[in-house]
J.: 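Pasting a structure here, questions to come.
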2 protein chains.
Amino acid sequence: MLPEKDCSKAMRSIKDALEAVEGKWKLLILYALCSGPKRFRELSREVTGITDKTLSKELKVLQENKLIKREVNDSFSQTIEYSMTEHGMSLRNVLFELWNWGLAHRKEVIGR
Amino acid sequence: MLPEKDCSKAMRSIKDALEAVEGKWKLLILYALCSGPKRFRELSREVTGITDKTLSKELKVLQENKLIKREVNDSFSQTIEYSMTEHGMSLRNVLFELWNWGLAHRKEVIGR
């Protein structure tokens, strides 16, 4: 399945991917945005345990990596919403496999 | 694809998975072990940029999480080899999706 012949290139790709989503928060934020655009407060509620400072920082990095976009609603209240870009959406398979494997890991190691 | 109804359980699974492989090294070490058992020196050569101290620490955590095993060869030279457990092998799909996405990310964002 993985290209054993061209090991160093595959390593570089995995490294690229890990650098874009490194840390424990980015994928959780992206997962929260899977179900649709959200405001800062909604995200901070949904991603349990994250502080406002960290959420704010992570949202910036995700924007730099073109994984999410920040849009100001042109209404009276000028709400700001975050949503996934098409490039961010392409991470769904990674999230799905992590979710799948996390279930198996809890059974195998965490044991409940 | 992802279970939107049971959001918090899915979040927990993704969190579990991320905690087991957190940091930028663990998945790279596991990837290096995909092609078969390896000695410490082989791993430190293959995982470009890792220091011996970090490799040693990461190998211990991977063992605690039952992702790899450490075996002493009962020969005269008593070589020590690291290899993937069955549970570690089950991460292959995650690695495959990361590799795949890393390729797309390089094209989209890093741009070469």
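All chains are named by letter (A, B, ...) in the order of the sequence lines, taking the proteins before the strands, and each is independently numbered beginning at 1.
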J.: Mind ranking B/Thr48, B/Leu67, B/Val94 by heavy-atom pairs under 4.5 Å with chain A and telling me who comes out on top?
T.: B/Val94
J.: Working note: B/His87 + A/Trp101, criterion side-chain contact (heavy atoms from CB on, under 4.5 Å); need CA distance, chi angles, decisive distance, verdict.
T.: CA-CA 9 Å; B/His87 184 50; A/Trp101 188 82; 3.5 Å; yes
J.: For B/Val21, which residues count as a side-chain contact (heavy atoms from CB on, under 4.5 Å) partner, sequence neighbours excluded?
T.: B/Leu27, B/Leu91
J.: Within this structure, what is the CG-OG distance for the pair B/Leu95 and A/Ser13, rounded to the nearest 0.5 Å?
T.: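 Reported value, rounded in 0.5 Å steps: 12.0 Å.
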J.: Say you draw a straight line from CD of A/Glu108 to OG of B/Ser90; how long is it, rounded to the nearest 0.5 Å?
T.: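 Rounded to the nearest 0.5 Å, the CD-OG separation comes out at 7.5 Å.
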J.: For B/Asp16 and A/Arg106, work out which heavy atoms get closest and say how close.
T.: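 What the structure gives for the nearest pair is OD2-NE, 2.5 Å.
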J.: For residues 75-85 of chain B, which residue pairs qualify under salt bridge (Lys or Arg N to Asp or Glu O under 4.0 Å), counting only residues two or more places apart or in two chains?
T.: none
J.: By side-chain contact (heavy atoms from CB on, under 4.5 Å), which residues pair with B/Glu86, not counting sequence neighbours?
T.: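 Partners of B/Glu86 under the side-chain contact (heavy atoms from CB on, under 4.5 Å) test: none.
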J.: How would you list, in number order, the residues of residues 57-66 of chain A that have a heavy atom less than 4.5 Å from chain B?
T.: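 So the qualifying residues are A/Glu64, A/Asn65, A/Lys66.
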J.: Is there a path of hydrophobic side-chain contacts, each under 4.5 Å between heavy atoms of I, L, V, M, F, W or Y residues, that connects A/Met89 with A/Leu43?
T.: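 In one cluster with A/Met89: A/Leu43, yes.
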